[in-house]
Amino acid sequence: MINETPRVRFAPSPTGYLHVGGLRTALYNYLFAKHNNGTFILRIEDTDRNRFVEGALENLLDTMEWVGLVPDEGPRQGGISGPYIQSERLDIYKKYADELIESGKAYYCFCSSERLEELRDTQLKAKVAQVKYDKHCLNLSKQEISDRLKNGESHVIRLNVEPGSKVKIKDIVRGNVEFDRSTIDYQVLIKSDGYPTYHMANVVDDHLMKITHVIRGEEWLPSTPKHVLLYEFLNWEIPEFAHLPLLLNADKSKLSKRQGDVAVEDYREKGYLKSSLLNFVAMLGWSAGDDKEFYTLKELIENFSLERVQKSGAVFNIDKLNWLNAEHIKNQTNEELLPFLKKELEKSEFRDKTFSDEYLLKVAGAMKSRLNFYGDFIERSSYFFEEPKTYSQDIVDKRWKPETPEHLNKLISEFEKLENPVHDQYEISLKKVAEELNIGGGKLIHPVRLAVSGIGVGPGLYEILEILGKEEVIKRIKTAIDKIKLD
RNA sequence: GGCGCAUUCGUCUAGUGGUCCAGGACGCAGCCCUCUCAAGGCUGAGAUCACGGGUUCAAAUCCCGUAUGCGCUACCA
């Protein structure tokens with residue numbers, strides 16, 4: 001076991017989108033596998049036909065690939081222990097269920113859902129310590145069972161839990177956890193439609209796929225004793241368990257759709273980077289023990305260990321994600337930024353205009369430290385793509401004085417003398433004009449910014465001028481003089 | 001109700017018996033830089049380490065209780 005390279009799996013059910021909690025689980029599995037030179041497997045748990053969602057599987061697979069958590073074995077890449085979709089493995093579960101029945105560790109149950117409901121109600125009313133199935137069908141004779149089976153009566157297969165010693169679980173993040181056998185319900189293993197329940201399918205598959213470490217959300221901890229019993233009954237080696245703390249809403253309940261975006265597709269759509277999403281989600285429940293917070297995937301792989309995952313749940317704090325996303329954007333080179341900015345342009349009203357890479361690279365550099373998401377980009381820098389259509393009234397009121405047009409005309413004639421000016425030349429010219437007029441630089445800078453961008457915020461003025469170019473700058477100043485009229 | 005897990009600034013966390021009257025980050029406030037907005041730098045407010053008992057010369061750190069929160073309790077996963 002010690003020298004065995006680990007095999008781990010992320011086993012989502014395809015509900016239509018990838019939940020960020022699922023992303024975190026997938027990431028930890030991935031990091032653990034890659035850190036230890038192991039294998040990361042993706043298995044689809046689609047055994048609930050009532051929750052079948054058209055297209056959900058493809059979407060899930062696409063999203064996993066987008067974030068970069070590409071499995072070594074899975075529905076798309078195949079592998080030595082496929083198929084990796086549970087609905088394609090029905091006969092396998094049936095085989096082991098039969099085996100359990102054979103050995104008396106499971107039994108057929110013909111109880112109707114009505115009877116089950118009634119049973120629950122009476123137990124609830126009687127305030128019994130614990131509500132669970134009454135083993136009614138355990139006492140059926142062999143003859144009766146085969147008769148009813150032959151008649152095609154609807155039935156399930158249940159786990160037969162008998163009194164005995166406590167079920168002990170060794171969990172890498174939580175230590176030892178014990179459960180009394182009497183508290184374990186007689187879980188349905190195979191449903192009446194022939195599909196297995198999660199409990200049956202996950203144990204059978206984890207064994208057959210040679211999973212060494214089961215890394216999953218804490219919500220599975222209470223049902224782990226059922227799984228351990230199944231391993232025992234089937235005489236299989238029990239894998240290691242690591243139950244991850246939950247991701248929480250601001251009110252500390254389990255992270256849910258009701259309280260904000262929960263699908264990684266949503267974040268992708270908003271222009272979050274996969275690198276910051278991964279970085280953020282990794283830090284919810286794990287830390288290397290130092291103060292480092294900015295990680296690349298590669299660094300996460302290098303440093304990750306299950307022993308350092310936190311025990312308690314973590315609130316999904318969007319403010320911190322936003323900060324981290326801005327950090328990741330700033331950390332990108334202009335060249336890395338370029339394709340994303342092009343994509344934003346493509347989505348914008350400027351999609352029909354063309355701009356050179358050289359130009360866009362400069363815009364990227366200027367805007368980099370002013371973005372929270374790629375989605376902010378166009379909105380905050382539209383003046384690089386078209387001349388201002390309007391001028392912010394607040395800024396006009398504050399910065400545009402009766403004498404401003406005259407000053408700007410003087411500036412224009414100074415700018416006109418320049419040849420291929422860059423940053424510094426604009427500055428020198430402007431300072432010179434200000435001096436001649438005996439005014440502060442701000443008296444020119446702010447109106448020019450307004451004239452050229454229509455707004456009062458953005459990169460340094462000279463940087464904007466350099467990017468826009470002399471002709472455009474002069475044209476825009478003239479237009480502004482023409483259009484901005486004071487009452 | 002039963003079973004289980006958890007509990008350090010608002011939030012994410014560091015801390016594994018003395019260096020912690022608890023460190024970092026986000027957010028918040030202020031200052032600096034400055035042509036604006038960001039970024040960056042600095043400073044500050046913010047945690048009697050859930051509470052109560054032990055153990056120990058010494059506890060956020062070990063033990064036991066209590067409280068609170070959360071999860072599970074389906075022929076859902």
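A note on names: the letters A, B, ... follow the listed sequences, proteins ahead of strands, and every chain is numbered from 1. Please read all numbers here as calculations on a predicted model, not as lab measurements.
Relative to the side chain of A:Lys191, the nucleotides B:A14, B:A77, B:A25 differ in distance, and B:A77 lies closest. With distances taken from any side-chain atom of A:Arg120 to the nucleotides B:A74, B:G2, B:C72, the minimum falls on B:A74. Nearest to the side-chain atoms of A:Asp319 among the listed nucleotides B:G27, B:C35, B:G24 stands B:G27. The side chain of A:Lys252 sits closest to B:C12 out of B:A77, B:C75, B:C12. Distances were taken from every side-chain heavy atom of A:Trp220 (C-beta onward) to each of B:A77, B:U7, B:A25; the shortest belongs to B:A77. Among the nucleotides B:U36, B:C76, B:A14, the one closest to the side chain of A:Asp48 is B:C76. With B:G4, B:C72, B:U36 as the choices, the nucleotide that has an atom nearest any side-chain atom of A:Leu221 turns out to be B:G4.
Between A:Lys226 and A:Asp185 no salt bridge is recorded (no basic side-chain N to carboxylate O distance below 4.0 Å). Using a cut-off of 4.0 Å between Lys/Arg side-chain N and Asp/Glu carboxylate O, A:Glu403 and A:Lys443 are scored as not salt-bridged.
One finds no side-chain N or O of A:Gln310 lying less than 4.0 angstrom from the OP1 or OP2 phosphate oxygen of B:A6. At B:G24, none of the side-chain N or O atoms of A:Lys292 fall inside 4.0 Å of OP1 or OP2 (strictly under the cut-off). One finds a side-chain N or O of A:Arg308 lying less than 4.0 angstrom from the OP1 or OP2 phosphate oxygen of B:A14. Put simply, A:Thr47 has a side-chain N or O that comes within less than 4.0 Å of OP1 or OP2 on B:A77. Remark: A:Ser113 is not in phosphate contact with B:C75, judged by side-chain N or O atoms under 4.0 Å from OP1 or OP2.
In this structure, A:Glu327 reaches the sugar-phosphate backbone alone: every heavy-atom distance under 4.0 Å involves primed, P, OP1 or OP2 atoms, never a base.
Within residues 171-186 of chain A, the residues approached by RNA chain B to less than 4.0 Å at the level of any non-hydrogen atom are A:Arg174, A:Val177, A:Glu178, A:Phe179, A:Thr183, in residue-number order.
The only member of A:Val8, A:Asn29, A:Ile211 that meets side chain to side chain contact (heavy atoms under 4.5 Å, CB included) when paired with A:Ile41 is A:Ile211.
Going from atom CG of A:Asp291 over to atom C1' of B:C12 covers 13 Å, rounded to whole Å.
Separation of the C1' atoms belonging to B:A47 and B:U56 is 25 Å when rounded to the nearest angstrom. Taking the P atom of each, B:C49 and B:U61 are spaced 9 Å apart, rounded to whole Å. Comparing B:C33 with B:A39, their C1' atoms sit 11 Å apart, to the nearest whole Å.
Ring centers of A:Tyr267 and A:Phe373: at least 6.0 Å apart, outside the cut-off.
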